[in-house]
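Shown next, in structure tokens, is the structure this report addresses.
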Amino acid sequence: MSSQTTNSLQITTENEDQDLIIVSLYWKSNKLGCIYYLHQFHELYFLEDIKEINLKDTVEALIFQLCPTHMVLCAFNNPELTNIVKKYDDRIQIEILNSKEFTYQKGLYELINWYIGNCTQQHHSMISTESNELCNNPSLQDEQSEIQFHASFSDTDLTKQAQLRLSSLVPLTSTTTSSSFGSYHTSMMPMVLKSISFLDTMYVSADVMQSLEIFQIEMHPSTHQKKGKESMSLFNLLNYTVSPGGTHLLKQWLLRPTLDLEVLQERHSSVEYLINVGNPTNKDNAVKKLSSYMKHVKNTARILSHIHEHHAKVTEWQQLLEFSYYVLKIVDVIKAYHLSQAPILQKVISTINIDILTHIGKCINDQISFEDSHAEGRLTIKSGVDKDLDLLREKYNCLDDYLLQVAQDIAIGLPNDIGNVLNVVYFPQLGYLVTFPCSVYTRYVDHSCLNGFDLQFSTGDNYYYKNNRMRNMDEHLGDMYGMIIDKQIEMIQHLSERIILYQEQLLATTEVLAELDCILAFSIAALQNGYTRPIMTDDDLNELTIVEGRHPLQELKLDIFISNDTYIAGGNGRIQENEESFRPATEVTETTPTVFNSSQLSTTKPSSSSSSPFKQSGDFSTTKTTRTSLSTRRDNYENESPHLIYNDDDERPRSVILLTGANFSGKSVYLKQIGLIVFMAHIGSFVPAARAVIGLTDKIFTSIQTIESVSTAHSAFGYDLQQVSQGLHYATQKSLVIIDEFGKGTNPVDGASLFAAVLNEYINRGRQCPKLVTSTHFHELLTQDILIKNQNNYIQFYTTEIICNINNKDQNGNQVVFLYKVVPGYGLGASFGIWCASLAGISEDVLQRANQLTNTFINGTSYQEVWTIQDQDYYNKLEQIKEKFITVKEFTNDFIISSGIVDSLSSLFLQ
């Protein structure tokens, strides 16, 4: 291993070692960043920052999976990281670089410069390429897109646009990982940039976490208070943990949802079992007892660390004693209630060593007196534990009487005035001293009577002396208090060393109890909120079936929450070669608008001459379909299969859900609830649904929440583009992509075109198409038959159901009733934006003008012809004044106009 720092690692194409794999690791702020390079394929992978991890296990897992030939570390970084890697120096060449190579600014600068330079090289190399070769070679088409990307840059925007493009390829927000790029000297070599997630976990970026409200930190208003508190979020909803280890582990589970089906099944089975035995009506149930005992399980790892370093506090020793006692109580509850059938409880029983915990608890309880320890402010050993210690304490307790006797003996040879006030005291570390008041010392000018007394020090009240008698007591009696303290420290050190011998077992016990705490939290959340166990699958169908799904956060804020179904499968569609006419994925044979007026409810049917369901009336409607809805089939399952029964091939799930509907009708909530239900299933929690069959989902991508900040170089639309681009780059058949009204931040034509192109790109992947759930207000994609026919075999069209009063045209009254129900069909009538604006408190004048402008746009009239009632009244008054003014036939030299006309003009201009 290199012992000195060097410059950045050289990576050039001259190295012909095809097995070269270089891994760069950097640890900072409790986060591990990792970049690794595969020379054989010229691929550079960026791993998102890994937070709150077991560093040893994580690094060893990375080394095992990546099999690096070279590793790059930062000098003076984490010594533990260096020691872990040193164990592999027999087969890995380790390079330690200067810490200045690992900065975020340098890493980002190098990455952007490399990207710009690489695009420039491709641009020059493609100049001589023939056009016909470009058309026939897909790889050259990709390079041509890079040329167009570079050519579109201006000199001033080159860096900014390169950073925007890179942000969709690699996790630039992972500052620790990005800092690692500064250690690579790429020499402008061509590489493919890729982003990967942590081992065997679902890829969920920080943007997705924020969009789905997995975590929501509410910062303290004081600038001096850096810590915030968790507000309304999924973590806060599920966090019924009562131990520090459980809270920490739950956060890890949410940061890294697992893709290990066996682990998920164990968690779900454990939650299900605890729910069955944890009836809340039973006051003496096992779940409540386990939770109450778990409260006494503290941060054992920190306690053991302090014990190992010999500066553990009294409270920490007491917490360790309580830990031993209550862990044994947990074991007793599991055995008494016969709970060992649950996987987590089996794991608890197999991990906990009762003999070791009993021994540790007995050692602490038998030796440490916590009552005396709290009184003295230091650990105190009980009486009867050690004979020598007891003898010292006995002598120390009798010391006051002995010192009084010594003082009387010394006073015999001194004058009465001095002898009566003489005293003998003991100070730890200073020993035994004779003390006189200052008044006696100043009274006697001749101190011959104090011959043999040596002044040691004085205070404002007393003088302190040593004589032969005091020195003899120092030698024979010694520093008794110091000896007692030393003896106790020695015994506590022996006790600490004995406990540290069982550190591994104690930590294993703490880990399994933290897992139990999380499972208990899931079971409590499921009981209180009515969650059900999801069925996890890992097959070719890659199904996502949600029956009566609910948004776990939104339902807490509403008295009544309307549940909805979802049925979708990645990479699945029915492509019919001979299909000539446009046929929607959910075939609508009859469309019935539901309307109401002030007197009664009635129904009207559209004209039978409508050639397409997209050419119907503009009024929003609920729909009746020939396809059997999920709600009527939700109980029709095969006993031997978790999947729904297909009545015919037309009912098989598609890969894409396209949701349309009015504003305020619940589209965004529906999209988010799908993502949250899938996410919750992958952390081991039950989900808010009547039934859920969820195929393993490797990644979740969202374009839901637009975040604008001066700290980023993106506009609102640029941020949406970045999120959509990430999904296009990395989504697989097993991924879930959620897009909410993409394209709304730009020109409507461009937005609708981009949205349709994105749908087309996903669908053209065929069997590699991810599960895509999207919503849009671009109704022209449907009304103008823009979607190609193959898309219709992959898309399920849904809309949000409402009831509207088509007879009420003045926008007053209860014109629209939102049912918040997602049904098959098309919401092509209207978005009801103006009516929703009235709910938001927009003034009636603005709404009226908006209605007039809407008619103007629809009818194609000019803007000047749009008049409100107020405008017309104003114009009529001006006309009247004009007529009066014209009728005035005589003018004086002062040009005096009738006072009535002046008053009329004044009244108008004062409006």
side-chain hydrogen bond (donor to acceptor under 3.5 Å, both in side chains) between Arg393 and Gln488, intermediate numbers included: CA-CA 11 Å; Arg393 284 176 171 168; Gln488 291 187 118; 2.6 Å; yes
Apply side-chain hydrogen bond (donor to acceptor under 3.5 Å, both in side chains) to His374 and Gln318, showing your working. CA-CA 11 Å; His374 286 296; Gln318 195 166 8; 3.0 Å; yes
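Look at Arg469 and Asp474 and you find no salt bridge, because none of the NZ, NE, NH1 or NH2 atoms lies under 4.0 Å from a carboxylate O.
At a cut-off of 3.5 Å, with distance as the only test, a side-chain donor of Ser243 or Asp517 sits close to an acceptor on the other residue. Side-chain contact check for Thr241 and Asn239: at least one donor-acceptor pair (N or O, by modelled atom type) lies under 3.5 Å. Counting only N and O atoms by type, the side chains of Thr177 and Asp49 include a donor and acceptor under 3.5 Å apart. In this structure, a donor-acceptor pair under 3.5 Å is absent between the side chains of Thr201 and Thr258. Side chains of His248 and Gln252: a donor on one and an acceptor on the other come within 3.5 Å. The closest side-chain donor-acceptor pair between Asp401 and Gln405, if any, does not fall under 3.5 angstrom.
Atom CZ of Arg471 is surrounded by more than 12 heavy atoms from other residues, nucleotides or ligands within 6.0 Å. Atom NE2 of His308 has 12 or fewer heavy atoms from other residues, nucleotides or ligands within 6.0 Å. Surrounding OH of Tyr88 are more than 12 heavy atoms belonging to other residues, nucleotides or ligands, all under 6.0 Å away. Applying the 6.0 Å contact sphere to NZ of Lys466 captures more than 12 heavy atoms from other residues, nucleotides or ligands. The environment of Glu394 atom CD is sparse: at most 12 non-hydrogen atoms of other residues, nucleotides or ligands sit within 6.0 angstrom. Counting non-hydrogen atoms of other residues, nucleotides and ligands closer than 6.0 Å to NZ of Lys335 gives a total of 12 or fewer. Heavy atoms from other residues, nucleotides or ligands lying under 6.0 Å from CD of Gln408 number more than 12. Atom CD of Glu309 has more than 12 neighbouring heavy atoms from other residues, nucleotides or ligands inside a 6.0 Å radius.
Thr176 places no side-chain N or O within 3.5 Å of a backbone atom of Gly33 that could act as its donor or acceptor partner. Within the 3.5 Å criterion, the main-chain N or O of Gln265 finds a donor-acceptor partner in the side chain of Ser269. Side chain of Asn529 to main chain of Tyr531: no donor-acceptor pair is present (N/O by atom type, distance under 3.5 Å, no hydrogens or angles). No donor-acceptor pair under 3.5 Å is formed between the side chain of Asp89 and the backbone N or O of Val85. Proximity of a side-chain donor or acceptor of Ser291 to a complementary backbone N or O of Val287 within less than 3.5 Å is detected. Judged by distance alone, the side chain of Thr300 and the main-chain N or O of Lys298 form a donor-acceptor pair under 3.5 Å.
Aromatic pair Tyr463/Phe436: centroids not less than 6.0 angstrom apart. With ring centers used as reference points, Tyr481 lies under 6.0 Å from Tyr396. Aromatic ring centres of Tyr464 and Phe427: separated by under 6.0 Å.
Relative ring orientation between Tyr293 and Tyr326 is described as tilted, the plane-to-plane angle lying within the 30° to 60° band.
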